[in-house]
Amino acid sequence: MAQPLVKKDDDRDDEADYSPFLGIEKGAVLQEARVFNDPQLDPRRCSQVITKLLYLLNQGETFTKVEATEVFFAVTKLFQSKDIGLRRMVYVMIKELSPSADEVIIVTSSLMKDMTSKTDMYRANAIRVLCRITDGTLLTQIERYLKQAIVDKNPVVASAALVSGIHLLQTNPEIVKRWSNEVQEAVQSRAALVQFHALALLHQIRQNDRLAVNKLVSSLTKGSVRSPLAQCLLIRYTSQVIRESANTQAGDRPFYDFLEGCLRHKAEMVIFEAARAITELNGVTTRELTPAITVLQLFLSSSKPVLRFAAVRTLNKVAMTHPMAVTNCNIDMESLISDQNRSIATLAITTLLKTGNESSVDRLMKQITNFMSDIADEFKIVVVEAIRSLCLKFPLKHRSLMNFLSNILREEGGFDYKKAIVDSIVILIRDIPEAKETGLLHLCEFIEDCEFTYLSTQILHFLGIEGPKTSDPSKYIRYIYNRVHLENATVRAAAVSTLAKFGAMVDTLKPRIFVLLRRCLFDNDDEVRDRATLYLNTLGGDGAVVQTGEDVKEFLFGSLDIPLVNLENSLKNYEPSEESFDIYSVPREVKTQPLAEKKAPGKKPTGLGAPPAGPPSTVDAYEKLLSSIPEFANFGKLFKSSAPVELTEAETEYAVNVVKHIFDGHVVFQYNCTNTIPEQLLENVTVIVDASEAEEFAEVASKPLRSLPYDSPGQTFVAFEKPEGIPAVGKFSNMLRFIVKEVDPSTGEAEDDGVEDEYQLEELEVVAADYILKVGVSNFRNAWESMGADCERIDEYGLGPRESLAEAVNAVIDLLGMQPCEGTEVVPNNSRSHTCLLSGVYIGNVKVLVRLQFGLDGPKDVAMKLAVRSEDEAVSDAIHEIVASG
Amino acid sequence: MELCPLIKNILLLDSEGKRIAVKYYSDDWPTNSAKEAFEKAVFAKTQKTNARTEAEITMFDNYIVVYKFVQDLHFFVTGGENENEIILATVLQGFFDAVGLLLRGNEDKKEALENLDLILLCLDEIVDGGVILETDANVIAGKVDSHSMDAGAPLSEQTITQALATAREHLARSLLQ
């Protein structure tokens, strides 16, 4: 018990470092454990040794199998002692050792004796130990005692049996299920914890029987539960029943009254559990929310941090779906900004940012400014992101929000934090035209004193794109040229490129830029000098102010349409010879992965990582590629290229995917093939397309691939004619045909003779969505209004039973292949209706805007109202046709 | 199981973040090094806060941690991110107060280590395999300390005679040593 385990040192100065376990060592303690075998047991001594053993285990020490077995057998001897304290330690020790099945037998009889003892403490603990270490066969032997224990008048014994039942249900459900009568009786116990444990076990026994759970909840919600913990459980079960009953009839939700009643319970944990349950109800109404919000609001001003945290965390979640419901708490929330607990303060701020209205933004920003200086970077990033979304919500407030961002940009902070701020500013510049000039100036000021090379170069690049398009590009030159003086070589090189971009885009600035560039010719870094020389020569730095040709601009600043990996590979393979390196011989096809990334749902702007010329660059690349093939040169302008569609399973011999290129009167399939067998060379690769299920299409040309070596992607094309301007659809089956030649892996030489072979590919479909371009609009409402209702078509559709509203929304977006606007593709959890805005360009360059209104009709049925506006009513009708036939 | 409030771990650390007694009820930390890493992270995150009058709370790595300090003893209770914070705080308070009763008001590291057997029994009485067994500090301390008196009688209800008997026993034992 309460005395030191080793002798106290007389020197009291050592007290600070004093520990009874100082210098403890496993081997020595295991030796000490021999006292367990003494014929005359010293309970106190034995207790101390067990404590030492437990201490070692607790510190992470492990016993070998042999050691554990030895200790276990020694410990079992201690059942001879009648000392209660020692017995308790023996119980704990046995649980810690978790003996194997054959060892368990040794203690079973001792534990069973304790289980039937007159001392309640023995009974309760023996049950817990026995159930922890037992297996199924032993369980049937002791089942009778356990059933009795469940209804024992001593609450500790009953709880021990019930909690053991909860654990045993995982391993021996059929046995535990036989106890439900006793468990049901225990639910009525007057002892709070027994009631809690009994309810938990009873529910788990019945959890797969919905009707039984329903009955359990209806009978208990009438009010026989006393324990707060049991009441919390009941609230959880009730919300589960509500969720599953999915009763969508208007009017009162079943059991809502019970939940609301729990808001007036005297235990805080019950009040909170009920409030949280209400906020998480499916499709909760404002009227249902109000009482829950009210109690949470009271918690906000509690003296207990835990209550404040719980309340603000829940309100933060509510604010995502029902911002208006939370606005009542804004005053309390504002006082939490100065909360000692920074987690609470951050949650409060982000909640306020979600619920704030336009007029409160300025006041809020003032408060946040004080707060920002004393929180950790991880919290600051959360706040920055919240401010960014706020700014996109209230574009008119961009001035103060942008100011805020630039202020915090100047303060101390790590890379991730600074990057989050810079990314936010970039996104705001891109999405809010009015914010552009100030935003760019803020970025300019930031790079004057920026310690992160990565951020400096990215900002310089961004300046080069956006700067020349502003009303007065000359004001940025100073900031950029300063970099050439003051920074490391990487940043200097980036600054030179940016200067050159200004020179190329803005003719009036040319003479000044040339002067600056010429100074860079004396830089001590090769790359900087090389860049300066290149730009001076190509832009005509000989003094004459000439218009820079489009081709030069394209050469200098156009996007490199060759994947860098492929270029790198080709350059590695290139052997210096008479023939110079031909950049056009580099394969253009990426191994599908980067493209796959692009079509990934992450459509949100990702800041500097994705320069504004995102999607167009691939279209440009395809366009260039196709126009270089004479057979397709007269097809006109490329309207749309689809994302690659895989035609083979992953990891097959030949990997093929297809890109559908849509022209006004033609469709070209570009098959990207990869040969994954090192021992083979494929020649004369073509795809034989069967268009019998695509009546309106007629094959007009096909371009085979001459040779397809191992692991070097190549393309073959097939072109079809189709009625002009008509969104013809159809199904195509594909067969890859080629000549296989064996390759000697040691020399890499192919044999002369080849064998003709075929390889079945999956089918390919041209669908209506292929004729619609994803083109977003920045302000949907304006676009919608200005389009006018002249060519509007509205109709309603039933979409039948669906998994969820979100699933239905995504299905329609995919079907139409249009760009969701203003983040409306995201359906908030629990909502029962949703409006989704889409925009796109239909073949023939007709702008189309779509407003989709979804609603749940019955438990799973989704109904949709589709409103289409376009410049041509035939197109509006066509969209409806797509939906009607989809 | 998932609807029942579950405790992931209970930690009692010293003022340097070292273990005094810990108990894990979840497989989220399968190895001792994973456990130590978690303890280190929790300690680093909470060290600077003042959790001496009221229990404090933080959230990280999708766990909710409630904690309370006294002298050089740091008490922590961890639950999943969807756990009711107030239930976790109730468990913490039960543990905290029970240890206070068992150490008879001398709550410091030295006293805790000297009475490690009581602390371990205390942990054993609060949570069983993640399920909350008892949250009332008097009942917990009573069960732990029961062998010098009737089982289940709360410590606060000891009679003077019992208290004297206990004291006498202690004295006798320390003399014997």
Side-chain angles (χ1 to χ4, degrees), chain A residues 1-5 7 15 18-21 44 47 50-51 54-55 58-60 62 83-85 88-89 91-92 95 119-121 128 132 154 156 159 163-164 166-167 170 193 196-197 200 203-204 229 232-233 236-237 240 268-269 272-273 276 303-307 309-310 313 340-341 343, chain B residues 1 3-5 19-23 32-33 35-36 49-51 54-60 64 66 84-90 92 102-104 109-110 113-118 120-121 124 128-129 131-136 139 143-148 151-152 169-170 173-174 176-177:
Chain A
M1 255 282 303
Q3 55 275 152
L5 296 159
K7 255 179 93 180
E15 201 169 38
Y18 169 79
S19 155
F21 301 104
R44 209 161 40 78
S47 238
I50 292 185
T51 308
L54 287 171
Y55 174 81
N58 218 296
Q59 295 296 319
T62 48
D83 187 280
I84 299 184
R88 297 291 305 276
M89 296 309 283
Y91 293 140
V92 175
K95 279 196 275 190
T119 315
D120 292 333
M121 194 278 296
R128 285 173 58 200
R132 173 64 57 86
N154 183 303
V156 183
S159 277
V163 173
S164 298
I166 293 175
H167 297 310
Q170 314 298 318
L193 268 299
F196 164 58
H197 295 134
H203 178 262
Q204 274 174 46
L229 276 172
C232 287
L233 272 186
R236 292 184 190 185
Y237 302 154
Q240 191 191 27
E268 281 158 348
M269 71 166 83
F272 174 65
E273 188 73 47
R276 195 171 67 159
S303 64
K304 295 181 190 162
V306 173
L307 285 186
F309 178 90
R313 188 160 78 111
Q340 286 283 317
N341 186 319
S343 303
Chain B
M1 230 13 203
L3 284 181
C4 187
R19 275 183 199 168
I20 294 172
V22 298
K23 187 81 190 152
N32 188 52
S33 49
K35 291 177 178 138
E36 279 175 347
T49 52
N50 178 12
E54 288 286 357
E56 277 290 346
I57 182 163
T58 185
M59 187 172 171
F60 80 104
I64 305 263
V66 291
N84 180 329
E85 292 90 339
I86 301 164
I87 293 181
L88 297 177
T90 311
L92 174 74
L102 290 167
L103 300 182
R104 289 168 165 77
K109 177 187 174 185
K110 178 166 152 281
L113 282 172
E114 283 176 359
N115 295 287
L116 189 67
D117 50 348
L118 300 185
L120 292 172
L121 288 176
D124 187 58
D128 182 296
V131 180
I132 300 164
L133 266 186
E134 181 56 76
T135 57
D136 182 330
V139 179
K143 286 205 267 182
V144 171
D145 222 8
S146 59
H147 62 287
S148 55
E169 194 187 0
H170 278 241
R173 280 187 191 172
S174 47
L176 278 171
Q177 223 177 25

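This one's a predicted model, so the numbers in the text were calculated from it and none came from an experiment. Order of the sequence lines sets the chain letters (A, B, ...), proteins ahead of strands, with each chain counted from 1.
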Any side-chain heavy-atom pair of [X] and [Y] under 4.5 Å:
X	Y	value
A/Met89	B/Leu121	yes
A/Phe309	B/Met59	yes
A/Tyr55	B/Leu113	yes
A/Val156	A/Asp120	no

Side chain, backbone, both or neither: which part of [X] has an atom under 4.5 Å from a heavy atom of chain B?
X	answer
A/Ala310	both
A/Val163	side chain
A/Phe196	side chain
A/Leu229	side chain
A/Ser303	both

Kindly say whether B/Asp128 contributes a backbone atom to a donor-acceptor pair with the side chain of A/His167 at under 3.5 angstrom?
-> yes
Main-chain N/O of A/Met269 paired to B/Asn84 side chain as donor or acceptor, under 3.5 Å = yes
Assert top hit (heavy-atom pairs under 4.5 Å, partner chain A, pool B/Thr90, B/Thr135, B/Ile132) equals B/Ile132
Largest heavy-atom contact set with chain A, pairs under 4.5 Å, which of B/Asn50, B/Ile20, B/Ile64, B/Val66 | B/Ile64
Looking at [options], which one has more heavy-atom pairs under 4.5 Å with chain B than the rest?
options	answer
A/Gly60, A/Cys232, A/Ser343	A/Gly60
A/Tyr237, A/Phe272, A/Tyr91	A/Phe272
A/Arg276, A/Lys304, A/Glu273	A/Arg276
A/Val92, A/Thr62, A/Asn341	A/Asn341

For A/Lys95, look at atom NZ and say whether over 12 heavy atoms of other residues, nucleotides or ligands are found less than 6.0 Å away.
-> yes
Would you please test A/Arg236 and A/His203 for side chain to side chain contact (heavy atoms under 4.5 Å, CB included) and show each step?
-> CA-CA 11 Å; A/Arg236 292 184 190 185; A/His203 178 262; over 6 Å; no
State whether A/Arg88 and B/Asp117 are salt-bridged, where the test is any N-O pair (Lys NZ or Arg NE/NH1/NH2 against Asp/Glu carboxylate O) under 4.0 Å.
-> no
Toward chain A, the part of B/Lys35 with a non-hydrogen atom under 4.5 Å = neither
Toward chain A, the part of B/Leu133 with a non-hydrogen atom under 4.5 Å = both
